[in-house]
Amino acid sequence: MIEYIKGELTELTPTLAVVEAAGVGYALNISLNTFSGIQGKKDVKLFVHEALVTGGRDDSFTLYGFSTRQERALYQLLITVSGVGANTARMILSASSPAELCNTIANGDERMLKSVKGIGLKTAQRIIVDLRDKIATLGIEGGAEGKRNDDRQGVSGEEALQTSIVRDEAIQALLMLGFSPAPSAKVVNAILKDQPSLPVEQVVKLALKMIK
């Protein structure tokens, strides 16, 4: 069992991190929270959840990486709930921070959970019922997340290029999460039209609540 991988961050997208350790590059699926936590770092330590799927035409072995033990523990709780698979759990953790999600579950907020694609009323209710008592053991405290604000007026050529890069990364992240290209592009373009200076993780978080 792999507890964590520590090494050089060689590649990073909003949904995937590649960490080189002892000459081996490990590809780990990540949430937007982990993306935000490791963005800009050269060396990282990611706590690992291993997923082995057998019995189909092709067996698969997938690694999921988390910047904190608490986020990994929350992910592992989510996938124990009937109707919540690996990708859905990652989308839930990408739509809100671990602290916000714990508050959502503790407060029985079905509406927030239902805003995540693939989560209907019954699944939202199961998440709340199954996990409400368990999340108290995670020790995740609420708090405001750090946000990058930009109040500049107008958009320079450099800013336009950065917005284009953010647009491409956000759309690619949504495709990796299972969304179709056309609605992904439409929602991302609408978000960036109103808020062109948003970082990619905020764009994807908003898109997850808007996309149909």
Side-chain angles (χ1 to χ4, degrees), residues 1-6 13-17 19 26-38 44-143 145 173-179 201 204-205 207-209 211:
M1 177 180 177
I2 302 174
E3 172 62 15
Y4 63 81
I5 294 175
K6 183 178 182 180
T13 73
T15 57
L16 186 75
V19 180
Y26 295 91
L28 301 104
N29 289 290
I30 60 173
S31 70
L32 286 177
N33 290 298
T34 291
F35 173 78
S36 299
I38 65 177
V44 297
K45 178 180 180 180
L46 294 180
F47 297 93
V48 175
H49 171 79
E50 304 170 67
L52 175 63
V53 178
T54 60
R57 178 176 297 178
D58 296 308
D59 295 345
S60 65
F61 179 66
T62 305
L63 298 179
Y64 292 86
F66 305 90
S67 59
T68 66
R69 283 192 177 92
Q70 289 88 349
E71 187 183 13
R72 180 181 63 179
L74 190 50
Y75 174 86
Q76 291 172 333
L77 285 177
L78 284 168
I79 60 176
T80 66
V81 178
S82 176
V84 179
N87 208 44
T88 300
R90 182 166 61 150
M91 278 197 284
I92 293 172
L93 285 169
S94 293
S96 59
S97 71
E100 289 170 341
L101 181 56
C102 283
N103 287 336
T104 293
I105 295 171
N107 294 330
D109 189 351
E110 298 169 356
R111 182 183 57 81
M112 181 276 161
L113 291 170
K114 284 173 58 183
S115 70
V116 179
K117 182 179 175 62
I119 300 294
L121 176 59
K122 289 184 178 179
T123 302
Q125 291 172 338
R126 279 198 296 267
I127 291 172
I128 292 168
V129 171
D130 291 358
L131 303 186
R132 178 175 272 165
D133 293 334
K134 296 177 181 178
I135 59 172
T137 66
L138 297 182
I140 299 175
E141 298 179 356
E145 290 185 276
L174 291 169
L175 296 182
M176 290 291 291
L177 289 171
F179 294 96
E201 61 269 29
V204 177
K205 280 189 176 184
L208 287 174
K209 297 177 180 178
I211 198 167

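For the numbers below, each heavy atom of this structure counts, side chains included, while hydrogens, waters and symmetry mates do not. The structure presented is a predicted model; accordingly, all values stated were derived computationally and were not measured.
Summarising the geometry of Thr123 relative to Ser82, their closest heavy-atom pair is CG2-O, 4.3 Å, with the distance given to 0.1 Å. Counting all heavy atoms, side chain and backbone alike, Ile79 lies closest to Ala86 at CG2-CA, 4.2 Å. Of all heavy-atom pairs between Leu208 and Ala95, the closest is CD1-N, 4.0 Å. Minimum interatomic distance between Met112 and Asp109 (heavy atoms only, all atoms of both residues): N-OD1, 3.3 Å. Closest of all the heavy-atom pairs between Ala17 and Ile30 is CB-CG2, 4.1 Å. The two residues Leu63 and Ala27 have their closest heavy-atom pair at CB-O, 3.8 Å.
The only option from Gln70, Glu71, Arg69 that meets the side-chain contact (heavy atoms from CB on, under 4.5 Å) definition with Phe47 turns out to be Arg69. Checked options Asn107, Thr104, Leu113; the residue passing with Ile128 is Leu113 (criterion: side-chain contact (heavy atoms from CB on, under 4.5 Å)). With Leu28 as the partner, the side-chain contact (heavy atoms from CB on, under 4.5 Å) test is satisfied by one option alone out of Val19, Leu16, Thr34, Val44: Val19.
Atom CD1 of Ile135 and atom CG of Leu78 lie 10.0 Å apart (nearest 0.5 Å). Note: Gln125 CD to Lys114 NZ = 8.5 Å, rounded to the nearest 0.5 Å. The distance from the OG1 atom of Thr80 to the CD1 atom of Ile127 is 9.5 Å, given to the nearest 0.5 Å. The structure places CD1 of Ile105 at 5.0 Å from CG of Leu131, a figure rounded to the nearest 0.5 Å. Rounded to the nearest 0.5 angstrom, Glu50 CD and Met1 CE are separated by 6.5 Å. Atoms CG and OG1, from Asn33 and Thr68 in turn, are 8.5 Å apart once rounded to the nearest 0.5 Å.
Looking at heavy atoms from C-beta onward, Thr88 lies in side-chain contact with Ile119 at the 4.5 angstrom threshold. Under the 4.5 Å side-chain criterion, counting only non-hydrogen atoms from C-beta, Lys205 is not in contact with Glu201.
Residues satisfying the side chain to side chain donor-acceptor pair (under 3.5 Å) test with Glu3, not counting sequence neighbours, are Arg72. Residues passing the side chain to side chain donor-acceptor pair (under 3.5 Å) test with Ser94: none are found, sequence neighbours excluded.
Using a distance-only test at 3.5 Å, with no hydrogens or angles considered, no donor-acceptor pair links the side chain of Arg90 to the main chain of Leu177.
Pairs passing the ring pair (Phe, Tyr, Trp, His ring centres under 6.0 Å) check and including a residue from residues 75-108, sequence neighbours excluded, read His49-Tyr75, Tyr64-Tyr75, Phe66-Tyr75.
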